[in-house]
Amino acid sequence: MSFFFGRTRTRTNTSDLAKQARDHVTKLQDGPQGAAKAEELAKVLAQMKQLLQGTHAEAEPNTEQIYQLVTGMIEEDLLYLLAVHLHRLPFESRKDTQVIFSYIFRFRQPTGPQKPEPLALAYVVEKRPQVLVELCKGYDHKESATPAGTVLREVLKNEAAAAIILYDDGEEQGSSARGVGGINPDRPQSGRGVFWNFFDWIDKSSFEVSADAFTTFRELITKHKDLVPRYLAVNFDLFFDRYNNVLVQSNSYVTKRQSIKLLGEILLDRANYNIMTAYVDRGEHLKICMNLLRDDRKMVQYEGFHVFKVFVANPHKSVPVQKILIMNRDKLLQFLSHFLEDRTEDEQFIDEREFLIKQIRNLPPAPVPPPQR
Amino acid sequence: MADEGVVNRYQVLEELGRGSFGVVYKGIDKATGETVAIKHIDLESSEDDIQEIQQEISVLSTCASSYVTQYKASFLRGHKLWIVMEYLGGGSCLDLLKSGIFNEIQIAIICRELLLGLEYLHSEGKIHRDIKAANVLLSETGKVKLADFGVAAQLTYMKSQRNTFVGTPFWMAPEVIQQAGYDFKADLWSLGITAIELALGEPPHANLHPMKVLFHIPKNAPPRLEGKFSKEFKDFVAQCLVKDPDFRPTAKELLKHRFIRSAGKVEALQELIQRKRMADVRVDHVKHPVYYQETLHSISPKDEADEWVFETVKSIVPRRGTVRSRKPSSAFSVDDAMRKLDLKDGPLQPNTPGTVRKSTMRRQPSSASRQNARRDSIRRRDSNGSPRSSLGPRRPLQPDTSFGNSGSTMRLFRRVPSDNSNPSGVDPSAREFANENQPPPTYHASVEPNSKEAMLGRRLYNKALEPCLDELHAQTAASSKREALARLSDAFALLDAVDPEGAYHLLRNLVSTVSHDTKLSHTFLPQPPQQQQQHQQHQPKTQPSQDGTVLIKSSRPSTATTLAGTPPTSAAGNSPSKLIISQENPHLASHRRRRGSMLPQPTSPTSSFSEAGRFPPAAGRDREKGGEREREREREKEREREKERERMVALALEAKFPGRAAVPGMEHCKALSDLLYARWTDGLRARWGVVGGA
């Protein structure tokens, strides 16, 4: 009986669900009253989830109902509200919200023009970029970090959505605040946009939040082979200054190790060739890297090695880089001959180490200006 | 760091277990007093991506079910990741299986609880992917919980499928192995296998290699539960083990199965836990709880001389004015030093700022260097660090802390020999042998003999060699000859000090070789009376004959043969060094029996004995026999005395090693048995000689 009841109720209320949710969510606040509201909101969200997801074997999700729900949510600006209040929702509701977001952003209209963009996502990217910014700010709270991060990683597969986050710069000219169309990719970022918060979220948060934020950050930086290299080229100094000083020097072992690894991945990505050459020209970058080789933790040394090798293998070493390498030639040769000796299984590593030793041994006695490229 | 507060919230107690992932400790949440399990994962030793561990945490942290082990917190401490989980005192089903298989009633309860857990997980879009007895934990009250989400998957969309090949082969569903896309149903196959595991003690195909199993499962008909089990149970297993996942029921559906519906209460499972505890007690499972010890960062102090030279270090530092900047320059090492202050080994590892490279070479005061050395030795003792032990020569006054740490041989300590075997007169000349670069010869700190041979060797030197050499030295007039003798004496003294066992072997081999040469053996291996005379001649003051060097006794074979009237030539061939048959050798015994009953066969396989037996004169056999018996008795007595002596030696050895077992190893018996062989074979030879003559 209850089964039938539930179903009928769901059907009749579909168009109304978004409105109900909005009413509850705006009244969410801390305290006993908020708790009561949260309870009611939880019920609504659970209904929405079930509608989107369908239940296991039974009840295929009804496309028409979903369409109604999506449009209703857009009308009520519910996506934004849920993103803002995500950390205040109860445990189960946060998970429900995560599911709702995932389904909503994925939903494509079955009929009508063959639009490449899913309906809700297109709307957000063009008209309401703040939804994505607020989802990022989910990392401000332990409670909302995981659900927000899960939604973000799903959404960031979309290049426009990634651009929104990268180019968010408040009310600045060319910021993504007025939609993806308003972005001016050639204007250097001020460093106050939401993207730059990731450095602090990764460095300063507790392990769970930090790790989740890093995963999202990695997705953002490695996924889009046109968008990101251009972005890094324009914001080279700002980006690597933050990267080297906050992430690579982080007190957190995980952050440090993962960010060195990611740095290696960024530099060795074909799409980032110009970024790489610019990076390995800088003497101070080499210094950071050489100090990583001397870290007291083996895996940090190991990840550092994979960045260091890029400097040494570069056939067009800049004068400052050559200077440092030549100045430390004997030490480096001595050091590398015993570097991570216990890695006897790792043949690639051994080969690379041998190669580096050869390269360093064959360095000219004094720096030679690299040929013009 | 944000995590620091959380770390202090938990008090870590004893170790619960360890695996490839790390160590699990029991702990207490100081805030609530609740017992927890804390998993320490050493990230530094894990090659694989930290992301995988993170994935496990994120799956666990989004679970809120009484059928899933509850995740509480996780945080970093150095390169260790602590994961705090609910403590489940009953252990895993695999552990419980060790004290016997489960009965059907118990299995039904466990299966129901697992299905409830799976129903929850699946409704959350999670696939466990590694259901097996080892991953099913019991609380002390019998509650059943799913654990180990190391390979669990979180699906974003209910309808999506996975292809990743994960799990444990024996429990893997065919569709997982075939990698053709699978979903929640895979867990139910694994549940079926787990039910069989609980009933039989191991999963199907357990005798096969895991890789082979991967071919078996998709190819063959699904395994069936066979044996004395109820129809319901067999059917339940069969339902789980439907090969086509589309026809395999869901967790929800299986909960309606008769086998499950009739299952009892979880409290019945406490019996299993009790049984395991009893079994543990019975095997005298004396548990020595291993308590958590903080290892902290094993930071090896940076050797300032090793720092890279960056000409521009100084000019760079001021540029990084921001508070957060932690450049790995000299500023960094100060920061580093600050960080180390709160480490337990901090004071021992003063981190000198990396400025030493500059023109003013700082000379370290000796106290500092001593401290360095001490620090070094301390570090050497804890095996974690990678000690850089080249800290220059040790100060003479500094205690040698490497003492007793060499660990290669048993000769750990050097000691002054208890007897006054060390004439000081030898000392100066001994120096001539010592290379300047080698440590001065340590006579007064000679090696403590700790094997039979060594004991004998030492004795040989003290009682025979040294007095002989002294005597000879005294009798020699020519200074050059005296000199040569002195050197020899010193060389022996050194050998005795360093390797008494070597002295033993030297003389033993010498005697053995001599006995091979007829002329030499005639000259050097005289008849017993002579020998005794000689002996007394050489050492008039020491105990007479019997006590003479044991070594000389080992030259007895020839003596015995002469007594038996055999020509010395055959005796040479029978020298103890060639004897291979042991006294206890059963072949020998049977051989003897045969010998007694049958006519002597000169061409017996053990010809060395029979050869000896050919020669005794037939005449006077009885007399000979009687004498033989007497001699035999004599020898018997002597053997007794010999044994007695050995016992004394053993006692002496024991006295020298108070509190230690007197016999460090069986090698002690070698010298003794060698001796006894020799005498025994002499006896045999004599007897057989008589028999042979008959």
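Every chain is numbered from 1 and lettered A, B, ... according to where its sequence line falls, protein lines coming before strand lines. Because the structure is predicted, anything quoted here is derived from the model rather than measured.
- Annotation: B:Trp82 is not in aromatic contact with A:Phe207 [ring centroid separation under 6.0 Å not met].
- The distance from atom CD1 of B:Ile57 to atom OG1 of A:Thr146, rounded to the nearest 0.5 Å, is 10.0 Å.
- Between the side chain of A:Lys95 and the main chain of B:Thr62, a donor-acceptor pair closer than 3.5 Å is present.
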Margin query: If you apply the rule side-chain contact (heavy atoms from CB on, under 4.5 Å), what do you find for B:Glu44 with A:Tyr253, and how did you get there?
Written below: CA-CA 9 Å; B:Glu44 183 71 350; A:Tyr253 169 79; 2.4 Å; yes
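- Heavy atoms of other residues, nucleotides or ligands lying less than 6.0 angstrom from CD of A:Glu341 number more than 12.
- Between chain B and the residues A:Leu52, A:Val248, A:Leu332, the largest count of heavy-atom pairs under 4.5 Å involves A:Leu332.
- With sequence neighbours left out, the side-chain contact (heavy atoms from CB on, under 4.5 Å) criterion links B:Gln239 to B:Asp235, B:Pro249, B:Leu254, B:His257.
- Both the backbone and the side chain of A:Tyr103 come within contact range of chain B, each with at least one heavy atom under 4.5 Å from a heavy atom of that chain.
- Residue contact with chain B, scored on non-hydrogen atoms closer than 4.5 Å, is absent for A:Leu292.
- In this structure, the side-chain contact (heavy atoms from CB on, under 4.5 Å) partners of A:Lys142, at least two apart in sequence or on a different chain, are A:Glu208, A:Val209.
- Across A:Phe91 and B:Ala64, no two heavy atoms sit closer than the pair CE2-CB, 3.3 Å.
- With a threshold of 4.5 angstrom between heavy atoms, A:Arg94 does not approach chain B through any atom at all.
- The side-chain heavy atoms of B:Gln54 and A:Gln258, taken from C-beta on, include a pair separated by under 4.5 Å.
- Taking CG from B:Leu76 and OG from A:Ser210, the interatomic distance works out to 7.5 Å, rounded to the nearest 0.5 Å.
- Each of B:Leu81, B:Ile53, B:Leu43 was checked for a side chain to side chain contact (heavy atoms under 4.5 Å, CB included) with A:Val254, and the lone residue meeting it is B:Leu43.
- Residue contact with chain B, scored on non-hydrogen atoms closer than 4.5 Å, is absent for A:Gln334.
- No donor-acceptor distance shorter than 3.5 angstrom exists from the side chain of B:Trp308 to the backbone of A:Lys287, with no hydrogens or angles considered.
- Only the side chain of A:Glu92 comes within contact range of chain B, with at least one heavy atom under 4.5 Å from a heavy atom of that chain.
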